[in-house]
Amino acid sequence: MKETFYVTTPIYYPSGRFHIGTSYTTVLADSLKRLNELKGKDCYMLTGTDEHGQKIETVAEKNGLKPKEYVDKMADMAKELWKKMDIQYDDFIRTTDERHEKIVQKIFQIFLDKGDIYKGEYEGLYCIPCETYFTKTQLIDGKCPDCGREVVPMKEEAYFFNMKKYADKLLKYYDEHPDFIKPEFRKNEMINNFIKPGLEDLCVTRTSFDWGIKVPSDPKHVIYVWLDALTNYLTALGYLSDDDSLFEKYWPADVQVIGKDIARFHLIYWPIFLMALDLPLPKHIVVHNWIMMKDGKMSKSKGNVIYPETLIDRYGLDATKYFLLREVPVAQDGIFSPEAFVERYNFDLCNDLSNLLNRTVSMVNKYFQGKVEGYTGCINDVDKELEEFCITQINKFNELIDNFEIANSLQEIWNLIARTNKYIDETSPWILAKNDETEKLKSCIYHLIENLRKIAILIKPFMNETAENILNQIGIKDENLKTWESLNYYDKIKDIKVIEKGEPIFMRLNQEEEIEYLKKNMNQN
Ligand code: ME8
């Protein structure tokens, strides 16, 4: 049986059109799925929408729609976008799905029966957009610590989850599973900011609004969004349903990708819910930083956003994905700026990658009528060095990606691209051709084609179409030469023919024009 790999994105609030930040998380998860698929695993990816709560109720009303009508429309919008972005999710869960609602009620009842949920009264400072209560000490400058907006005093009868009961168990778990949270500094934030000062019990119901899943034994209470939302990762797999085969197969999740804004919910409450259900915890939770605009965090409510469609329609999907993954390191915020986008496009994609392919294909045509017969061994002095460099880069890539350092792992691929370009200058194939040094020339060409083959495989999880295009242009048709495993060998290409006239995969952009175009198209709804 194949090894399984289950990856999830957060379920997004359909409170507005999705911007590039939302797309970033999804692209990251999708890339991890594609990578593991390429490695031969049986993969399953889940995404979806978080459709209950006061915020959605209010937005629906503003749009003149009933909540359900509104979320139906928005879920379709999300699916359209993921289709455009070629996101290969296997299931799209909506918290309004009956399959989800039924199981959330069951889970709530299990917690009640166990005594983990109790009834009390909540009084606190409430952030309406985040749907979260805070204590005074948690506020930053008197405002919501998550979104920075005003909070209001509120009081209501409510059910609570006894988080305190699990605090020590959670700390022990963190300690025994150093790879659970990536990057590691997020774990320390949780310990120092929330657990050590004393974990508060979590309010898990509301009576102040209606749009949500009712507590079966006390229907004036609606199950508060976080218990409702977090359990989606289980209900989508059929947990506690008549058919739990997916759950049996894929749980625990291998990777759950989230943004730093929802770290507390996923690194504290979520593991505790799972402990209370006696379920294993996900193997890794990857917390990424944000894509910022120059004037701060991009957010649907602030309106300082760039939409993925703007970039995809003009520059293509792969360039858009490349920018996101390369410019926003998981552990640091990244900034979207038109200048940076155009620069990445022109330097990394056009100068480095596209030109390497173009130069290589045209040399094979010019010197060998487009044919590469087979491995020649290392004839030029630099051949061996290039082969060794290639092995080192692949090892570095693997190490980084295993640690979810995606931007850095892409950097290592681009180092390989740069080294391969330099190899052309070092071997000067045009001089070898002029001097009739055919064996040396053959070796040079073989090494270039082989490196391009490897580069294509390495970038495939992130830029599928570009990878396919490269493999097609260099005439790699044998499926065995497209596998992840084939990165281990150097000598298997035999009797291939490159394309006669390859189109450049990325054309140089006019810097000024494109910067202006992007500036004009930012912040537009
Ligand atoms: O929080 N940069 O939904 P949400 C990078 N429904 N990522 C960003 C981003 C930015 N500027 N803005 C948003 C919710 N994100 C809950 C989740 S899960 C059980 C429930 C991404 O629509 C990031 O992943 O507000 C963040 O965690 C997520 O969108 C928040 O999406």
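Every number for a ligand or one of its atoms is a count from 1 in the order of the listing.
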Measuring only between side-chain heavy atoms, which start at C-beta, is Ile140 closer than 4.5 Å to Lys143?
no

The answer for which part of Tyr233 has a heavy atom under 4.0 Å from ligand 1 is side chain

Contact atoms of ligand 1, heavy-atom distance to His19 under 4.0 Å:
9 (C), 12 (N), 13 (C)

So CG of Asp91 and CG of Leu237: to nearest 0.5 Å the spacing works out to 8.0 Å

Contacting atoms of ligand 1, where contact means under 4.0 angstrom from a heavy atom of Asp261
26 (C), 27 (O), 30 (C)

When you measure from atom 11 (N) of ligand 1 to each heavy atom in Ile291, Ile56, Leu230, which option holds the nearest one?
Ile291

Should the proximity of Val257 to ligand 1, defined as any heavy atom under 4.0 Å, be assigned to the side chain, the backbone, both, or neither?
neither

Between Tyr307 and Val305, is any pair of side-chain heavy atoms under 4.5 Å apart?
yes

Return a yes/no value for Pro10: is any of its N or O atoms, backbone included, closer than 3.5 angstrom to an N or O of ligand 1?
no

For ligand 1, is Lys260 a contact, meaning one of its heavy atoms is under 4.0 Å away?
no

Atoms of ligand 1 less than 4.0 Å from Ala229 heavy atoms?
19 (C)

Measure Met292 to ligand 1 on non-hydrogen atoms and call it side chain, backbone, both or neither using the 4.0 Å cut-off.
neither

So CD of Gln256 and OG1 of Thr8: to nearest 0.5 Å the spacing works out to 3.5 Å

Are the aromatic ring centres of His19 and Phe336 under 6.0 angstrom apart?
no

Ligand 1 atoms nearer than 4.0 angstrom to some heavy atom of Asn289 are 5 (C)

Using the six-membered ring wherever Trp is involved, compare the ring planes of Trp82 and Phe18 and label them parallel, tilted or perpendicular (cut-offs 30° and 60°).
tilted

To the nearest 0.5 Å, how far apart are OG1 in Thr4 and CD in Glu248?
11.5 Å

Could you check which of Asp333, Thr25, Thr49 puts a non-hydrogen atom nearest to atom 21 (C) of ligand 1?
Thr25

Against heavy atoms of Gly21, which atoms of ligand 1 measure under 4.0 Å?
2 (N), 5 (C), 7 (N), 8 (C), 9 (C), 10 (C), 15 (N), 21 (C)

Check this for me: does any side-chain nitrogen of one of Asp243 and Arg99 sit under 4.0 Å from a carboxylate oxygen of the other?
no

With atom 14 (C) of ligand 1 as the reference point, say which of Tyr13, Trp270, Phe18, Trp226 has the nearest heavy atom.
Tyr13

Would you mind running through ligand 1 and noting each atom that sits below 4.0 Å from a heavy atom of Asp50?
6 (N), 16 (C), 20 (C)

Rounded to the nearest 0.5 Å, what separation is found between the CZ atom of Phe462 and the CG atom of Leu28?
9.0 Å

